[in-house]
**Student:** 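Provided herewith is a single structure, encoded as structure tokens, for subsequent inquiry.
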Amino acid sequence: MAALRRKFGEDYQVVNTNRATTFSAPVKKKRQRFVDKNGRCNVQHGNLGGETSRYLSDLFTTLVDLKWRWNLLIFILTYTIAWLVMASMWWIIAYIRGDLNHGHDSSYTPCVANVYNFPSAFLFFIETEATIGYGYRYITEKCPEGIILFLFQSLLGSIVDAFLIGCMFIKMSQPKKRAETLMFSQDAVISQRDGKLCLMFRVGNLRNSHMVSAQIRCKLIKSRQTPEGEFLPLDQCELDVGFGTGADQLFLVSPLTICHEINPKSPFFDLSQRSLMNEQFEIVVILEGIVETTGMTCQARTSYTEDEVLWGHRFLPVMSLEEGFFRVDYSQFHSTFEVPTPAYSVKEYEEKNSLPSPLSTPTPALTESHGARRDRVFSVDCINTSEERGRQGGTVGRLPSKLQRMSSSGKEDLQRKVLLLSSQHSEKACSTGDLPLKLQRLSSSPGPEAENRLQLKPFKVGFDPMTQSTGDLYQHSLQPTMSPAPVPMHSPLLSAGGRPEDNLPAKLRKMNADR
């Protein structure tokens with residue numbers, strides 16, 4: 001066996017092939033918790049060095065934080081030592097004055113009457129400290145040192161009583177035991193609520209007295225490493241349980257289910273059912289509130305490790321309606337049942353939904369058809385020129401019947417209708433009023449030079465949709481091999497009257513007059 005281990009390494013193990021032998025799955029080692037289920041923190045402070053003196057500076061808090069057995073021991077020892085010391089001082093005074101030798105002499109006036117030995121001095125101190133005052137032992141006026149010691153005894157006794165009795169009272173009235181009646185569910189669950197994946201656990205109050213201003217908080221304890229390489233052991237991260245919406249403020253008269261929504265801001269954003277088996281974290285739950293009967297602040301704590309988080313479970317209802325009241329069944333407080341829950345994380349779900357759908361992708365054919373659209377807008381003069389070409393070539397019959405009726409109704413009516421169609425079906429319409437001011441002045445000046453200059457050419461517009469005139473329709477109907485006819489320099493608009501503006505519609509003439 002040693003030779004085999006040297007050859008194959010220390011991980012070499014002998015496997016028993018006997019079928020009669022049964023094998024059990026390896027038990028997962030229970031790891032150390034940061035906070036126990038009862039709320040106790042598993043943290044011990046060591047190697048304080050010279051910092052131990054800080055505990056003595058706050059002695060009262062130190063005594064309150066001690067366990068009960070140490071408190072009782074300190075309480076008994078303090079009173080016992082104080083009583084013995086004070087009794088010894090009274091005995092010393094009687095010994096110095098010689099009162100012990102004249103104890104039964106009626107003609108002698110001692111400092112303290114009827115004090116003959118140490119037990120009698122101890123009884124005198126107890127009677128004085130406890131204000132019993134039997135009247136058998138008392139101080140006489142012939143002992144000034146006894147009067148001073150009596151004043152010192154009264155002051156010291158008041159201080160010791162206030163310190164120790166106050167310490168015991170505070171320790172007894174601590175609301176830690178009130179936290180014993182605040183319950184947390186044994187396990188936390190992950191399931192869907194309102195269509196969202198949530199981490200949930202349950203809290204309850206066993207007493208009829210309420211917790212005033214109850215508030216709950218959650219901390220995620222998990223070690224991590226920063227991008228810079230720094231290792232953070234037991235790093236604390238806040239879990240949102242409704243801080244922004246006020247859901248963390250509890251009205252704890254019946255068991256409540258606390259919900260943490262898993263979203264992109266949650267540390268469980270990429271947690272899935274499979275990754276939960278390999279994770280190591282601890283969720284610390286802190287419930288704080290004011291005890292209604294005492295007015296003191298109470299805090300209850302518990303924790304959930306990754307083994308205590310159940311994926312795809314939900315809590316059983318515990319509330320039932322009885323005749324005149326609601327009943328809480330705490331026997332089902334920790335019970336859960338399985339529900340259908342997605343096994344993937346919220347991050348995977350959002351990435352799946354963010355993928356583009358093939359139906360929403362634009363096709364190349366539609367893109368090319370939109371890119372190939374090139375329309376033109378022509379002026380009124382170009383329409384007249386195209387009509388003359390149609391008459392010369394005898395191709396007027398090629399136009400649609402609607403345009404033929406429009407052309408036969410007259411040049412002026414045709415121009416007005418084309419302008420109306422272009423203003424209704426296009427985003428921009430070209431008219432003389434839309435021309436620059438310099439061209440308008442040229443068009444308004446009489447003479448043959450103005451007629452030549454007024455001849456307009458078609459211009460391109462780079463937006464969709466755009467308007468085509470009848471002249472453009474006619475040019476598209478011609479064969480590609482045909483050469484364009486020469487454009488006449490004489491415009492019908494100019495030949496109809498002395499000025500070009502006279503042949504324009506009334507609206508355009510008004511716009512030119514205003515400019």
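In what follows, every heavy atom counts, from backbone to side chain, and hydrogens, waters and symmetry copies are set aside. We're numbering straight along the sequence, starting at 1. Nothing here was measured: the structure is a model prediction, and the numbers come from that model.
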**Student:** Is there a donor-acceptor pair under 3.5 Å between the side chain of T181 and the backbone N or O of R178?
**Tutor:**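 Side chain of T181 to backbone of R178: a pair is present.
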**Student:** List the steps and the verdict of side chain to side chain donor-acceptor pair (under 3.5 Å) for S158 and D161.
**Tutor:** CA-CA 5 Å; S158 300; D161 291 342; 5.8 Å; no
**Student:** Tell me whether F169 at atom CZ has more than 12 heavy atoms from other residues, nucleotides or ligands lying less than 6.0 Å away.
**Tutor:** no
**Student:** Please confirm whether the backbone N or O of L77 pairs with a side-chain atom of T80, one donor and one acceptor, at under 3.5 Å?
**Tutor:**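 Looks like no, no N/O pair under 3.5 Å.
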**Student:** Do other residues, nucleotides or ligands put more than 12 heavy atoms under 6.0 Å from the NZ atom of K171?
**Tutor:** yes
**Student:** Check D270 against S345 and note the closest heavy-atom contact, atom names and distance.
**Tutor:** C-CB, 3.5 Å
**Student:** Judged by modelled atom types alone, do H260 and S266 share a side-chain donor-acceptor pair under 3.5 Å?
**Tutor:** yes
**Student:** Under a 4.0 Å threshold between the charged nitrogen and the carboxylate oxygen, would R217 count as salt-bridged to E288?
**Tutor:** yes
**Student:** Identify whether the distance between the nearest side-chain nitrogen and carboxylate oxygen of R97 and E145 falls below 4.0 Å.
**Tutor:** yes
**Student:** Test T305 against E282 for side chain to side chain donor-acceptor pair (under 3.5 Å), laying out the working first.
**Tutor:** CA-CA 4 Å; T305 59; E282 186 173 350; over 6 Å; no
**Student:** Are there more than 12 heavy atoms of other residues, nucleotides or ligands under 6.0 Å from atom OH of Y330?
**Tutor:**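 Correct, the count exceeds 12.
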**Student:** Side chains of N71 and M168: does their closest heavy-atom pair fall under 4.5 Å?
**Tutor:** yes
**Student:** Taking C-beta and beyond as the side chain, do T78 and V160 meet within less than 4.5 Å on heavy atoms?
**Tutor:**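 Yes, close enough: below the 4.5 Å cut-off.
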**Student:** Could you walk me through whether M183 and L206 pass the side chain to side chain contact (heavy atoms under 4.5 Å, CB included) check?
**Tutor:** CA-CA 7 Å; M183 292 182 61; L206 298 180; 3.3 Å; yes
**Student:** Quick one: does S154's side chain have a donor or acceptor within less than 3.5 Å of a partner on F150's backbone?
**Tutor:** yes
**Student:** State plainly whether the residues E308 and K37 are in salt-bridge range, i.e. N to O under 4.0 Å.
**Tutor:**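 Answer for the salt bridge query: yes.
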**Student:** Which atom pair, heavy atoms only, marks the closest approach of W90 to G146?
**Tutor:**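 Shortest heavy-atom separation between W90 and G146 comes out as CH2-O, 3.1 Å.
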**Student:** Check for a donor-acceptor pair, side chain of H334 on one end and backbone N or O of Q186 on the other, with a separation under 3.5 Å.
**Tutor:**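 Pair found, side chain donor or acceptor close to backbone of Q186.
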**Student:** Hey, would you say the F281 and F268 ring centroids sit under 6.0 Å apart?
**Tutor:** yes
**Student:** Is the number of heavy atoms from other residues, nucleotides or ligands under 6.0 Å of Y55 OH greater than 12?
**Tutor:**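 Atom OH in Y55 is not crowded, with 12 or fewer foreign heavy atoms closer than 6.0 Å.
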**Student:** Donor-acceptor pair, distance only, cut-off 3.5 Å: does the side chain of D36 make one with the backbone of N38?
**Tutor:** no
**Student:** Ignoring hydrogens and angles, tell me if any N or O in the side chain of R327 forms a donor-acceptor pair with the backbone of M319 under 3.5 Å.
**Tutor:**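 No, because the side chain of R327 does not come within donor-acceptor range (under 3.5 Å) of the backbone of M319.
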**Student:** Mind checking the CD1-NZ spacing from I262 to K196? Nearest 0.5 Å is all I need.
**Tutor:**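 Answer rounded to 0.5 Å: 12.5 Å.
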**Student:** Is atom OH of Y349 surrounded by more than 12 heavy atoms (other residues, nucleotides or ligands) closer than 6.0 Å?
**Tutor:**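 No.
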**Student:** For D194, does the CG atom have more than 12 heavy-atom neighbours from other residues, nucleotides or ligands under 6.0 Å away?
**Tutor:** no
**Student:** Can you check whether I290 reaches M211 side chain to side chain, under 4.5 Å on heavy atoms?
**Tutor:** no
**Student:** Does the side chain to side chain contact (heavy atoms under 4.5 Å, CB included) test come out yes or no for V309 and I190, once each step is laid out?
**Tutor:** CA-CA 7 Å; V309 178; I190 294 180; 3.6 Å; yes
**Student:** Below 2.5 Å, is that where the SG pair of C198 and C259 sits?
**Tutor:**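 No, because the SG atoms of C198 and C259 are not under 2.5 Å apart, which misses the disulfide cut-off.
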**Student:** What about the rings of F201 and F184, do their centers lie closer together than 6.0 Å?
**Tutor:**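 Centroid separation for F201 and F184: 6.0 Å or greater.
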**Student:** Would a distance-only check, ignoring hydrogens and angles, find a side-chain to backbone donor-acceptor pair under 3.5 Å from D240 to F243?
**Tutor:** yes
**Student:** Heavy atoms only: give me the nearest S223-L234 pair and the separation to one decimal.
**Tutor:** OG-N, 3.1 Å
**Student:** Can you tell whether the side chains of K222 and E279 come within less than 4.0 Å, N to carboxylate O?
**Tutor:** yes
**Student:** Find out whether F34 and N42 are in side-chain contact, i.e. whether some heavy atom of one side chain is under 4.5 Å from a heavy atom of the other.
**Tutor:** no
**Student:** Do the non-hydrogen side-chain atoms of F118 and S88 ever get within less than 4.5 Å of each other?
**Tutor:** yes
**Student:** Looking at NE2 of H210 and CZ of F251, how far apart are the two atoms once the value is rounded to the nearest 0.5 Å?
**Tutor:** 5.5 Å
**Student:** Which atom names give the shortest non-hydrogen contact between I283 and L199, and what distance separates them?
**Tutor:** CD1-CD2, 3.5 Å
**Student:** Closest heavy-atom contact between P110 and T140?
**Tutor:**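 In terms of heavy atoms, the two residues are closest at O-OG1, 2.5 Å.
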**Student:** Report the C-alpha separation of M200 and I258 in whole Å, then their side-chain angles, then the decisive distance to 0.1 Å, and conclude whether the side chain to side chain contact (heavy atoms under 4.5 Å, CB included) test is met.
**Tutor:** CA-CA 5 Å; M200 293 173 285; I258 310 302; over 6 Å; no
**Student:** Applying salt bridge (Lys or Arg N to Asp or Glu O under 4.0 Å) to R193 and E261, what does each step give before you reach the verdict?
**Tutor:** CA-CA 9 Å; R193 171 178 283 190; E261 179 184 343; over 6 Å; no
**Student:** Checking the side chain of S275 only, and the main-chain atoms of S272 only, is there a donor and an acceptor separated by less than 3.5 Å?
**Tutor:** yes
**Student:** Of the non-hydrogen atoms in D187 and Y304, which two are nearest, and what is the gap between them?
**Tutor:**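 Reported closest heavy-atom pair: C-CE2, 3.7 Å.
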**Student:** Take a 6.0 Å sphere around OH of Y95 and say whether it holds more than 12 heavy atoms from other residues, nucleotides or ligands.
**Tutor:** no
**Student:** According to side chain to side chain donor-acceptor pair (under 3.5 Å), who are the partners of R69, at least two apart in sequence or on a separate chain?
**Tutor:**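 Scan of R69 (side chain to side chain donor-acceptor pair (under 3.5 Å), adjacent residues dropped) gives none.
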**Student:** Do E230 and Q225 come within less than 4.5 Å of each other through their side chains, counting heavy atoms only?
**Tutor:**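 No, every pair of side-chain atoms sits at 4.5 Å or beyond.
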**Student:** Quick check against the 3.5 Å criterion: does D329 have a side-chain atom that pairs as donor or acceptor with the backbone of F333?
**Tutor:**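 Judged by distance alone, no pair lies under 3.5 Å.
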**Student:** Would T61 and D58 count as a side chain to side chain donor-acceptor pair (under 3.5 Å) if you check the C-alpha gap in whole Å, the side-chain angles of each, and the deciding distance to 0.1 Å?
**Tutor:** CA-CA 6 Å; T61 306; D58 189 10; 2.8 Å; yes
**Student:** Just wondering, are more than 12 heavy atoms of other shown residues or ligands nearer than 6.0 Å to CZ in F337?
**Tutor:** yes
**Student:** Does E127 pair with R137 as a salt bridge, N-O distance under 4.0 Å?
**Tutor:** yes
**Student:** Please report the interatomic distance CG(L276) to CG(L310), rounded to the nearest 0.5 Å.
**Tutor:** 9.0 Å
**Student:** Kindly indicate whether the side chain of E180, heavy atoms from C-beta on, has any atom under 4.5 Å from the side chain of L182.
**Tutor:**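 Heavy-atom side-chain distance check fails, nothing below 4.5 Å.
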**Student:** Apply the test side chain to side chain donor-acceptor pair (under 3.5 Å) to residues Q332 and S335: give CA-CA distance (whole Å), side-chain angles for both, the deciding distance (0.1 Å), then the verdict.
**Tutor:** CA-CA 5 Å; Q332 304 293 333; S335 302; 3.2 Å; yes
**Student:** Treating D99 as the side-chain partner and C111 as the backbone partner, does any N or O pair qualify as donor plus acceptor under 3.5 Å?
**Tutor:**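 Present.
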**Student:** How many angstroms lie between atom CG of L287 and atom SG of C298, to the nearest 0.5 angstrom?
**Tutor:**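 That separation rounds to 7.5 Å.
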**Student:** Report the C-alpha distance between I216 and L256 in whole Å, list the side-chain angles of each, state the deciding distance to 0.1 Å, and finish with yes or no for side chain to side chain contact (heavy atoms under 4.5 Å, CB included).
**Tutor:** CA-CA 11 Å; I216 195 163; L256 298 177; over 6 Å; no
**Student:** Counting C-beta onward and ignoring hydrogens, is there a side-chain heavy-atom pair between L63 and W70 closer than 4.5 Å?
**Tutor:** no
